[in-house]
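Here the structure comes first, spelled out in structure tokens, and everything after it is commentary.
A quick note: this is a predicted structure, and the numbers were derived from the prediction, not measured. Reminder, nothing fancy here: chain letters follow the sequence lines and each chain counts from 1.
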Amino acid sequence: MTLPWLLSWQTWPHPVVCPTCWQTFERITPATACISCGRQLTRRQMCSDCQRWPSQPRFYNQALFCYNAAMHDYFQRYKFQGDYRLRAVFAAAMQQRLATLAADCVVAIPVTPATMQYRGFNQVTGWLGTGLNDPVGLQTIAQTKARPQSQKTRAERLTTSQPFSLSSTFTVTNQRVVIVDDIYTTGRTIRHAADLLLESGAKSVIGLTLAR
Amino acid sequence: MQAEELYGRQLCLTPAEAREMPATTVKLPSMQVTKTLIQCCRCGSDLNRQLAQLPAAQFYCYQCLTLGRVSTLTSLYHIPEPNKFKADTTLTWTGQLTAAQATCAAELQQHFSKREQHLLWAVTGAGKTEMLFPGIAWALAQGWRVALASPRVDVCLELYPRLQAAFAHLPIALLHGHNPAPYQYCQLTICTTHQLLRFRAAFDVLIIDEVDAFPFAANPRLAYAVKQARKPESALLYLTATPSQALLKQVRHRTLSISYLPLRFHQHLLPPIRVSLQPRWWAQFQQGHLPTKLRRWLQQYVTVHQRFLIFVPRITQLAVVQQVIATAFPTLKGLTVHAADAQRLEKVQAMRTQQVQYLVTTTILERGVTFPGIDVIVLGADDAVFSTAALVQIAGRAGRSAQRPTGLVRMVVSHYTRPLKAAQRQIKQVNRKGRRLRAKMSTLSATTEV
């Protein structure tokens, strides 16, 4: 709290989550995170998982929080139980980080129409704004997901084929694009999206995920 | 989906999930949305428009989420209860009811047959479950669907084996949030009150055990669930040892009939609450000292191997209290239990099988559990978490076996509080009535013997 802030007569921002619960989420410190996927390490270097990926100098990912038990519970309730109110927990954190990335273009990972039909919202755009899939930008090729990524093993996830296409009216030529997703696990999904954008002429792609 | 799964139920499904439904299925709207009101049709909550909002002008219910989300994207699917049962409903229980219990049991059965609302107020340890058996057996024989619901999962888990033993040939469904087994269509259902939200006009007899317990008492959705789950023409029975003022008011206004049993099954009175004023008990524990009086009591328990429960108001106090006791009496074996404890059921089981001599616990063990022949100590009984009902229930944990029908109930407080005084008064009052009943019964049996 500062004097200029006091004199600005803004309303006191009420915390969405109580301090005790907020402490159960572990923030990742960028100074000691993996340079490629944003995972929390002891010093800034490339983690063993990223060394197994073919090198892609025009893409890297940033993550805000470690995927721990608290984050697991959060996604269980927000995404799978469908408690849309919980978007407020991380909306501010995501929007703040997104603002610092100074992107020319922001793309959210879409959900399939079938998921939209029963979940009723896109968990990523829930944090950023409307809660709907972006009208232009990335699109899912499949109408439904046969099996969600979260139920597959690492090997199965890595062999997944490109699930996205770009809408025809969408151009990213020579732009700095930020792709936003919820969780970076193996990196398969977000790297598919990044490949697609780079192929269509993007200058560089930064991934931003809530959890790693 | 099998038709049986929907008999008397209301399941919330998306159009995609509901593609192959039996022909008799009724599709009901899951939410009522008007300009001024958004209401969930499963739990009946009035919802805040802003909180219930989904994108694209859709809405969801944030009150009954844990049972699967109800939203404007889904509908409720239901098949009216056909009462298609052919299981063997014979009562295989061979125990004997006391004269007072038998009177109550007969009253219950009568109210079942007239499909009325009724309250059974019986003191802790009066044998409420056994009194239900004749009534339930009668209702099952009529081909009626019967449910026994309780707000506490521990209570359900304790009821299930007892009822399964009493109706050995009847399949019984046990429904609660931690049960992974799939739903089964059974004539007799034991469930938590939350599970009732999944039923619609299903039960001819609905029994709510521990009706004054959390969360049922404080949750209007669960009262709505009870209304929805029973048939329009059906019997509803409330069971409790500590009825709330609201229930007693209904009794006074003659909108609810009542059966009253002030005597335990072994004909002994309730142990009275002994209060011990120790203003600094918690400060002493924090410094690692065991209060002198408590040390004396525990010393006694160590020498005679008496088992006991210690209640504390807060979860954070559990470890401290147990640590101090363990240091003072290294030979005394005990555990701590609270609601969020992952090993809660195992620990309670360890106390039942006498592997440990004591448990330090919060109010979760205040009701529905029986450890025969224990003593009870409540630390900080003046805390606001201990309501009158909670204190009476806790006192009722002692002296529940015929071998040791008395027990000591001690409460350590820094000062007297209204709920504590009221609890003492209530026990005294019940005991006065119990004594009168006992005198009447002894003269009765004396005259019949002559």
| query | Should A:Leu132 and B:Pro55 count as side-chain neighbours, where that means a heavy-atom distance under 4.5 Å? | reply | yes

| request: Mark yes when over 12 heavy atoms from residues, nucleotides or ligands other than B:Gln50 sit less than 6.0 Å from its CD; otherwise mark no. | output: no

| Which answer fits B:Glu17, side chain, backbone, both or neither, if we ask what part of it has an atom under 4.5 Å from a heavy atom of chain A? | neither

| note | For B:Thr14 and A:Tyr118 the tightest heavy-atom approach is CG2-CB, 3.5 Å

| Rounded distance [0.5 Å steps], CZ in A:Phe121 versus OH in B:Tyr60 | 7.5 Å

| message | Whether the side chain of B:Tyr62 engages the backbone of A:Asp83 through a donor-acceptor N/O pair (distance < 3.5 Å, no angle test) should be reported. | response | no

| query | Out of A:Gln117, A:Gln81, A:Arg77, which one racks up the most heavy-atom pairs below 4.5 Å with chain B? | reply | A:Gln81

| Interatomic spacing from CG in B:Leu65 to CZ in A:Arg85 - rounded to 0.5 Å | 6.5 Å

| query | Is the CZ atom of A:Arg154 crowded by more than 12 outside heavy atoms at less than 6.0 Å? | reply | yes

| message | Surrounding CD of B:Gln287 (heavy atoms of other residues, nucleotides or ligands, distance under 6.0 Å), is the total greater than 12? | response | yes

| remark: Distance col, row B:Arg69:CZ vs A:Phe80:CZ, nearest 0.5 angstrom, shows 13.0 Å

| Would one find more than 12 heavy atoms of other residues, nucleotides or ligands at under 6.0 Å from atom OH of B:Tyr160? | yes

| message | Counting only non-hydrogen atoms closer than 4.5 Å, does B:Thr74 touch chain A with its backbone (N, CA, C, O), its side chain (CB onward), both, or neither? | response | neither

